[in-house]
Amino acid sequence: MSTQLAAPIDVERIRADFPILQRRINGNRLVYLDSAATSQKPQPVLDSVDQYYHTSNANVHRGVHTLAGEATDAYEAARDRVAAFIDAPRDGVVFVRNTTEALNLVASSFARELLEPGDRVVLTVMEHHSNIVPWQLAAERKGLQLAYIDVSDDGRLDLRDLDELLSPPTKLVSLSHQSNVLGTITDIRAISDAAHAAGVLICVDAAQSVPHMPVSVRDLDVDFLAFSGHKMCGPMGIGVLWARPALLERMPPFLGGGSMINRVRLERTTYNVVPHKFEAGTPDVAGAVGLAAACDYLDAVGRDAVHAHEQSLTQHLLDVLDEVGGVRVFGPHDVNEQGGVVSFNIADVHAHDVGTILDRAGVAIRAGHHCAQPLMQRFDVPATARASVYLYTTHDDIDALAAGLADVRRVFRLA
Ligand code: 7TS
């Protein structure tokens with residue numbers, strides 16, 4: 001990745017595009033360090049959604065009138081835009097609500113038709129619940145085995161047993177590109193090469209990577225890729241499953257209803273072509289339009305530049321947390337292997353108390369188990385505090401976090 005060569009981004013100009021950053025919270029400026037949960041939205045994305053509803057709103061794929069044609073064109077153009085954004089063939093782009101739905105679609109449809117009882121699916125201990133629970137449900141329904149790649153003490157995947165884990169009866173490995181808790185970036189290409197050499201397919205939860213760095217489906221050579229629009233400057237309610245079209249052809253529909261059919265008779269239904277076979281009902285057209293605008297926005301800034309900016313912020317964050325005193329940071333501590341997400345605890349103060357005290361100063365972080373309870377168990381903690389950055393985050397924001405953590409130390413009288 002050519003991150004070193006990326007020109008620095010003009011963060012003040014970027015911030016001017018995000019109206020919400022003008023908010024004041026408890027009398028202080030908003031310091032938003034919760035972008036891993038959801039990103040804020042720039043004006044061009046807000047405008048695109050607004051414009052769609054103002055000028056072209058209609059249902060898609062069914063009307064003969066002008067607006068229906070415009071809405072359908074906008075929706076299908078968004079599919080092209082998203083495919084280009086992840087460097088993937090467009091026929092594999094299925095619009096869904098979010099990463100969770102995308103992973104449920106794979107676990108449900110793929111497992112139903114293309115897996116047999118006794119087959120094994122390999123996950124990791126650092127998955128978000130949305131890449132664990134759907135597989136547990138599929139395992140129950142289908143009699144599958146699940147196995148987990150462990151996580152080392154420094155928050156990396158422990159790949160020593162990978163060959164063993166990929167051996168029969170394993171059929172699929174499903175894992176996150178970047179951990180939403182530790183920030184750990186996993187070398188997906190190394191795992192896809194090993195998986196394919198063993199005849200195993202690979203599904204990647206890219207919820208935390210697609211928004212923050214260049215991601216190419218072709219380069220990663222993956223079979224499924226899932227991500228959410230709302231974490232990448234796009235609207236809530238729109239997400240993407242990309243899958244190899246040949247696999248989508250073989251998978252049964254996930255939901256049944258309008259749009260996903262070819263012909264319905266009372267006895268039997270034939271299905272629409274891929275990817276429409278997986279898009280039952282009226283889709284979130286405005287969401288798709290907004291997502292395409294988000295792709296444009298991020299590409300105009302440059303994802304290499306976003307990644308380089310976040311590396312610089314993450315280094316500052318790690319340095320600052322080191323200076324606060326009494327802070328335990330989870331994860332690799334290395335910005336070459338870690339995106340802009342840092343989890344920590346301060347002495348034995350509960351993360352919720354840390355989050356509440358920071359909120360008084362206008363600093364928004366996430367506190368809790370981050371929908372990754374098995375990872376919390378792995379590190380033997382009930383919860384962590386988590387700061388996460390994005391293209392609009394400044395070094396001053398990190399300093400505001402440090403000042404807030406000094407307050408936490410004062411409130412809890414930590415020596
Ligand atoms: N996978 C990862 C790696 C995630 O970080 C999240 C959301 C999801 C899947 C699910 O995404 P959704 O859009 O379907 O909800 N992560 C977080 C988080 O870290 N804090 O809030 C949501």
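The analysis underlying the following values was restricted to heavy atoms, covering all of them including side chains, and did not include hydrogens, waters or symmetry mates. Just follow the structure's listing: the first ligand is 1, and inside any ligand the first atom is 1.
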Contacting atoms of ligand 1, where contact means under 4.0 angstrom from a heavy atom of A36: 17 (C), 18 (C), 19 (O)
Neighbour count above 12 (heavy atom, 6.0 Å) for R141 CZ: yes
Within-shell test, E101 vs ligand 1, heavy atom, strictly < 4.0 Å: no
R23 CZ: over 12 foreign heavy atoms closer than 6.0 Å: no
Enumerated ligand 1 atoms positioned under 4.0 Å from heavy atoms of S228: 11 (O), 12 (P), 13 (O), 14 (O)
For atom 15 (O) of ligand 1, the protein heavy atom that lies nearest, with its residue and separation: T100 OG1, 3.8 Å
Atoms of ligand 1 close to A37 [distance to a heavy atom under 4.0 angstrom, numbered from 1]: 18 (C), 20 (N), 21 (O), 22 (C)
Atom 5 (O) of ligand 1 [closest protein heavy-atom partner, distance rounded to 0.1 Å]: Q208 NE2, 2.7 Å
Over 12 non-hydrogen atoms of neighbours within 6.0 angstrom of CZ in R97: no
Top protein contact for atom 16 (N) of ligand 1, by heavy-atom distance: K231 NZ, 2.9 Å
Within-4.5 Å side-chain heavy-atom neighbours: F330 and V381: yes
Verdict with supporting geometry, D47 and Q51, side chain to side chain donor-acceptor pair (under 3.5 Å): CA-CA 6 Å; D47 288 346; Q51 165 94 358; over 6 Å; no
Polar proximity ligand 1 side, Q178 side, N/O cut 3.5 Å exclusive: no
Nearest neighbour in protein (non-hydrogen) for atom 2 (C) of ligand 1: D205 OD2, 3.3 Å
For atom 21 (O) of ligand 1, closest protein heavy-atom neighbour: R366 NH1, 2.9 Å
Student check: side-chain heavy atoms of T393 and H316 closer than 4.5 Å: no
Any F278 side-chain heavy atom under 4.5 Å of S109 side chain: yes
Protein contact of atom 19 (O) of ligand 1 - nearest heavy atom, named by residue and atom, plus distance: R386 NH1, 2.6 Å
Ligand 1 contacted by E127 (non-hydrogen, < 4.0 Å): no
Heavy-atom donor-acceptor pair, K231 side chain to A37 backbone, under 3.5 Å: yes
Contact partition for S130 relative to ligand 1, non-hydrogen atoms under 4.0 Å: side chain
Flag, side chain of N104 to backbone of T100, donor-acceptor distance under 3.5 Å: yes
Value rounded to 0.5 Å, distance of CD in E279 from OH in Y75: 3.5 Å
Which segment of H370 sits under 4.0 Å of ligand 1 when only heavy atoms are counted: neither
Protein contact of atom 6 (C) of ligand 1 - nearest heavy atom, named by residue and atom, plus distance: H128 CD2, 3.3 Å
